[in-house]
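The block underneath contains the structure these notes are about, expressed in structure tokens.
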Amino acid sequence: MMGPLSIEIGKQNIDTMNAISVDVEISDGLKKAKLENGFYNLIDGERVFAGKTLSVVNPATGNQLAMVPDIDRVLLNKAVGAARKAFSGWRAVPFSQRRAILTSLLDKVSEHGEELIVLLTAERGGTLAQARWEIDLITKALGPAVLQMELREEEQDVPHIGHITKRYTPIGVVGAISPWNLPVFLSFTKILPALLAGNAVVLKPSPFTPLTVLRIADYVHELLPPGVLNVVTGGDDLGPWITSHPGINLITFTGSTFTGKRVLESAAATLKRVTLELGGNDPGVVLSDAEPEKIAQALFDSMFLLCGQGCISLKRLYVHEDIYSRVIEALVAIASATKVGDGFDPQTGLGPVQNQLQYKRLQSVWDEIKRSGAKVLFRGDVPSNTEGLFFPVTLLDNPSDDASFVTQEVFGPIRSIFKYKNLAEAIRRANNTSYGLGASVWGSDPVQLRAVANQLEAGTVWINQHSIRNPLVPASAYKESGLGVEFGPEGLESFCNLQVIATKQ
Ligand code: NAD
């Protein structure tokens, strides 16, 4: 997990139209990270910088970091055409060889890890430690684990039909669309299994955070045959062009539930396969036998993961009345000791909100909280005299179950804590949501913990933890939090067609 880092902040400036230079002296023995090349799309193995541009901003300072291409439909068609062409060759590469190539791709990312960490911190706005955690996750832990997976082939004799072979074949061209909160992790957990299974990919990172992914594409593209991996950037039109493109066979999308519904609608015309990982409004239920002081840090970390901008962040906490005051006391103590600021500052615990749109949404949530008269347990400090998008850590005490900031996903550092008397009531209130991504239960008695877990309506229910993912373990969703499965063998298989060969006996 995230470890402490010691750094000295250097200067940050813009060199040219599409180039960033961030100098950061990292004093824990790491080399100086210098980022001074431009950012290009990767199409058919070529670096492309054409057409209009989009500006990428550091949310901690408001400074423009770089410009990236805002490609038109002609260039997207070129990327999809290149992927279609590359698909037949790539699927024919033996599985073990594809795995070896993708392993060398991860090694290449690792080689450039230090500068990628700086770049990710600058564009996403979390802390350096969070960026290090994300890059390490991909290069050292989760990425290699994904590459260890196999596609199952099963044989069976079945009466009336004969000898059955079940096999998984790649689908074709995958359109991968990722959000801004974990730009590298959520792009790689799509492209690694998609490519391992033998597909070609057109990846579109979020226009708010495209830089680290574009830089990685630049570093790794020569390891792959041209067209196997294409990375494109653009504005509001690009996503719908991808989801409706007849040359794309599958969409793997991570983002909001609102956009997920648009994606599904748009993909229907060409009956694309669709995997949707969407928003969450995760509840946590703390049982009366939990030890507040022991679990408080883990609760807080999950609640304020990426400054509260995590899909599987714990968003509503239901605490038994016997220990309510101890839980809130412990959470307020941690919140008071957590500094909000620029992620390059080693004292910072939580960075800024990632973009203006998100910041404005949070301001209107705060206006609604004030109008509702909800009791505010804690509201922290934020840096002043800055263009950075810093939002105070906010804890609410027993707001109404019907308040919009309780029923809807709040993507930022505002969290609600509720007191309950009996468990049935807590479970009912925890499940009273249109979302069903994650949920958790906290306590001591394993039998009771498991009994509560069984009643929570979510794709993943954690016991005495929250927000933990491993690509070997499938991630799915209930209700409006998604469709299909990512991660695990089921996730790898979802990048494939299932084929049955039935031989007469
Ligand atoms: P978003 O839905 O606004 O955007 C996600 C991606 O979709 C971006 O790349 C965006 O450019 C693209 N997009 C926008 N409109 C599109 C359209 N009509 N068609 C196709 N693509 C389109 O989400 P966001 O604000 O980037 O991310 C935050 C949301 O993502 C939150 O709701 C969060 O819970 C969710 N999320 C879910 C998971 C998960 O695993 N379930 C993980 C991270 C984030």
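Every number for a ligand or one of its atoms is a count from 1 in the order of the listing. No hydrogens, no waters, no symmetry mates; every other heavy atom, side chains included, goes into these values. Here, residue 1 is the first one in the sequence, and each next residue gets the next number.
- Distance remark: protein heavy atom not present below 4.0 angstrom from atom 4 (O) of ligand 1.
- Looking only at protein heavy atoms, the nearest one to atom 7 (O) of ligand 1 is F253 CE1, 3.2 Å.
- Below 4.0 Å from some heavy atom of P207 lie the following atoms of ligand 1, by number and element: 11 (O).
- When heavy-atom distances to ligand 1 are checked against a 4.0 Å cut-off, D236 has no atom that comes that close, whether in backbone or side chain.
- Donor-acceptor pairing under 3.5 Å is lacking for the side chains of T275 and E486.
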Kindly indicate, with the supporting measurements, whether the criterion side-chain hydrogen bond (donor to acceptor under 3.5 Å, both in side chains) is fulfilled by N432 and R428. CA-CA 6 Å; N432 185 22; R428 181 186 54 73; over 6 Å; no
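- A salt bridge is defined here as a Lys NZ or Arg NE, NH1 or NH2 lying under 4.0 Å from an Asp or Glu carboxylate O, and D136 with R132 fails to meet this definition.
- With A477, G260, P240, G438 as candidates, the residue nearest to atom 19 (N) of ligand 1 on a non-hydrogen basis is P240.
- Side chains of D301 and Q297: a donor-acceptor N/O pair is present below 3.5 angstrom, by distance only.
- Looking from atom 36 (N) of ligand 1 to the surrounding protein, the closest heavy atom is C311 CB, 3.4 Å.
- Proximity annotation for atom 33 (C) of ligand 1: of F185, F411, F258, F411 comes nearest, heavy atoms only.
- In this comparison of P179, G255, S313, G482, the heavy atom closest to atom 30 (O) of ligand 1 sits on G255.
- With F258 as the aromatic partner, R262 meets the cation-pi criteria of under 6.0 angstrom to the ring centre and within 45 degrees of the ring axis.
- Among all protein heavy atoms, the one lying closest to atom 25 (O) of ligand 1 is W180 NE1, 2.9 Å.
- Between T348 and T127, the side chains place no donor N or O within less than 3.5 Å of an acceptor N or O (distance only, hydrogens not considered).
- Checked by distance only, ligand 1 and T259 come closer than 3.5 Å through their nitrogen or oxygen atoms.
- Those atoms of ligand 1 that come under 4.0 Å of a heavy atom in N181, given as number and element, are 43 (C), 44 (C).
- At a heavy-atom distance under 4.0 Å, only side-chain atoms of L186, from C-beta outward, approach ligand 1.
- At a 3.5 angstrom cut-off on N or O pairs, S178 counts as close to ligand 1.
- Residues R273 and S494 have side chains that never bring a donor and an acceptor to within less than 3.5 angstrom of each other.
- Among protein heavy atoms, atom 23 (O) of ligand 1 sits closest to S256 N, 3.4 Å.
- Of the polar atoms of T254, none of the N or O atoms is found under 3.5 Å from an N or O of ligand 1, judged by distance alone.
- Expressed to the nearest 0.5 Å, how far CZ of R429 lies from CG of D401 amounts to 4.0 Å.
- A donor atom on one side chain and an acceptor atom on the other are not found under 3.5 Å apart for N77 and R73.
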CA sep, side-chain torsions, deciding dist, call: T460, W462, side-chain hydrogen bond (donor to acceptor under 3.5 Å, both in side chains): CA-CA 6 Å; T460 303; W462 291 275; 5.8 Å; no
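- Proximity of L278 to ligand 1, defined as any heavy-atom pair under 4.0 Å, is confined to the backbone N, CA, C and O atoms.
- Ligand 1 places these atoms under 4.0 Å from at least one heavy atom of L437: 41 (N).
- The protein non-hydrogen atom at the shortest distance from atom 12 (C) of ligand 1 is I177 CG2, 3.7 Å.
- Some N or O of K204 is nearer than 3.5 Å to an N or O of ligand 1, by distance alone.
- Considering R316, R361, K315 as possible partners of E409, the one that fulfils the salt bridge (charged side-chain N to carboxylate O under 4.0 Å, His left out) test is K315.
- At least one N/O-N/O distance between E409 and ligand 1 falls below 3.5 Å.
- Summary of contacts: the protein heavy atom closest to atom 21 (N) of ligand 1 is G239 CA, 3.5 Å.
- Annotation: W133 is not in aromatic contact with F185 [ring centroid separation under 6.0 Å not met].
- The atoms of ligand 1 that sit less than 4.0 Å from any heavy atom of V263 are 19 (N), 20 (C).
- Ring planes of F418 and Y318: parallel class, angle under 30° (limits at 30 and 60°).
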